[in-house]
Amino acid sequence: MIVIKKIDHIVLRTERPDAMIAFYCGTLGCAVERQLPDIGITQLRAGECLIDIVAVDSEIGRMGGGAPSASGNNLDHFCLQLEAFDENELSAFLKGRGVELGEFVNRYGAQGTGRSLYIKDTDGNTIELKAIQAS
């Protein structure tokens with residue numbers, strides 16, 4: 001039987017890998033863990049998970065077809081679970097980095113219900129930033 005415990009990694013294809021790496025590291029606090037320029041991938045540490053940034057014109061990027069666009073993203077959204085946060089402070093931080101914000105609402109996820117909002121990265125991929133409500 002298969003038992004899934006958590007997301008291991010996601011792979012995002014892009015025409016602008018430097019901008020994507022800057023967004024995920026500079027805005028969301030990820031760190032570059034490994035780079036394999038020969039095949040066109042940079043792996044970012046996101047807590048216990050990885051976010052792989054793949055250049056669409058690289059060896060492995062070409063296997064996925066055309067570049068993501070407003071009408072052809074590779075995924076609907078992914079959710080990053082955050083430690084408890086102050087909504088006003090998080091909003092101010094993200095707005096200060098030029099990130100457009102959705103509304104904070106209660107949403108259900110793998111760890112239960114918590115406050116979250118949607119943002120977009122530099123390629124238009126939707127990211128849900130979510131905290132678990134205190135019991």
Side-chain angles (χ1 to χ4, degrees):
M1 176 184 270
I2 296 173
V3 178
I4 297 173
K5 294 188 178 192
K6 60 183 151 186
I7 293 174
D8 181 85
H9 71 277
I10 64 164
V11 179
L12 297 174
R13 298 172 61 256
T14 182
E15 292 181 301
R16 303 174 303 151
D18 292 339
M20 290 284 277
I21 292 164
F23 176 83
Y24 282 92
C25 291
T27 300
L28 295 182
C30 294
V32 174
E33 180 157 315
R34 191 167 77 132
Q35 292 183 299
L36 302 170
D38 294 348
I39 60 171
I41 187 170
T42 299
Q43 294 179 299
L44 308 177
R45 175 59 55 187
E48 296 179 0
C49 305
L50 292 176
I51 299 172
D52 296 350
I53 305 296
V54 174
V56 294
D57 63 353
S58 68
E59 178 184 333
I60 60 173
R62 286 188 293 275
M63 293 189 293
S69 67
S71 62
N73 285 335
N74 290 340
L75 63 121
D76 178 70
H77 81 278
F78 65 94
C79 179
L80 297 175
Q81 189 179 107
L82 306 181
E83 291 185 12
F85 55 78
D86 178 278
E87 292 180 12
N88 293 325
E89 288 177 8
L90 181 59
S91 293
F93 173 78
L94 292 169
K95 287 178 184 176
R97 295 196 175 259
V99 177
E100 291 185 34
L101 309 178
E103 297 292 321
F104 283 97
V105 299
N106 288 321
R107 292 186 176 92
Y108 186 80
Q111 302 300 315
T113 300
R115 300 285 286 169
S116 75
L117 80 156
Y118 291 115
I119 63 171
K120 292 196 181 283
D121 68 17
T122 55
D123 270 12
N125 294 299
T126 301
I127 306 158
E128 180 180 354
L129 302 178
K130 184 174 185 299
I132 299 304
Q133 286 183 332
S135 327

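Heavy-atom basis, side chains included; hydrogens, waters and symmetry copies ignored. For reference, positions follow the sequence shown, starting with 1.
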Quick check for you: to the nearest 0.5 Å, what is the distance between [X] atom [atom1] and [Y] atom [atom2]?
| X | Y | atom1 | atom2 | value |
| --- | --- | --- | --- | --- |
| Glu87 | Arg115 | CD | CZ | 4.0 Å |
| Asp86 | Phe93 | CG | CZ | 13.5 Å |
| His77 | Ile10 | NE2 | CD1 | 10.5 Å |

So which heavy atom on [X] is nearest to which on [Y], and how close?
| X | Y | result |
| --- | --- | --- |
| Gly40 | Ser58 | CA-CB, 3.4 Å |
| Asp123 | Glu15 | OD2-N, 4.0 Å |
| Arg97 | Thr27 | CD-OG1, 3.4 Å |
| Leu12 | Met20 | CD1-CE, 4.0 Å |
| Cys30 | Ala46 | SG-CB, 3.8 Å |
| Cys79 | Lys130 | SG-CB, 3.6 Å |

Between Val99 and the options Ile127, Leu94, Leu28, the side chain to side chain contact (heavy atoms under 4.5 Å, CB included) test singles out Leu94

message = side-chain contact (heavy atoms from CB on, under 4.5 Å), that's the test. Do Leu44 and Val32 meet it? Break it down for me.
response = CA-CA 4 Å; Leu44 308 177; Val32 174; 3.7 Å; yes

Can you name the residues that form a side chain to side chain donor-acceptor pair (under 3.5 Å) with [X], not counting sequence neighbours?
| X | answer |
| --- | --- |
| Glu103 | none |
| Asp121 | Tyr24, Asn125 |
| Glu33 | Arg45 |

Non-hydrogen side-chain atoms of [X] and [Y] separated by less than 4.5 Å:
| X | Y | value |
| --- | --- | --- |
| Ile51 | Phe78 | yes |
| Phe85 | Leu129 | no |
| Val105 | Leu117 | no |

query = Would one find more than 12 heavy atoms of other residues, nucleotides or ligands at under 6.0 Å from atom CZ of Arg34?
reply = no

Report task. Group every Ile, Leu, Val, Met, Phe, Trp and Tyr by side-chain heavy-atom contacts under 4.5 Å, then state whether Leu101 and Phe104 land in the same group. Result ->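 Yes: a chain of side-chain contacts under 4.5 Å links Leu101 to Phe104.
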
Are Ile21 and Leu50 connected into the same hydrophobic cluster when the rule is that any two of I, L, V, M, F, W, Y join if their side-chain heavy atoms are below 4.5 Å apart?
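Each belongs to a different hydrophobic cluster.
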
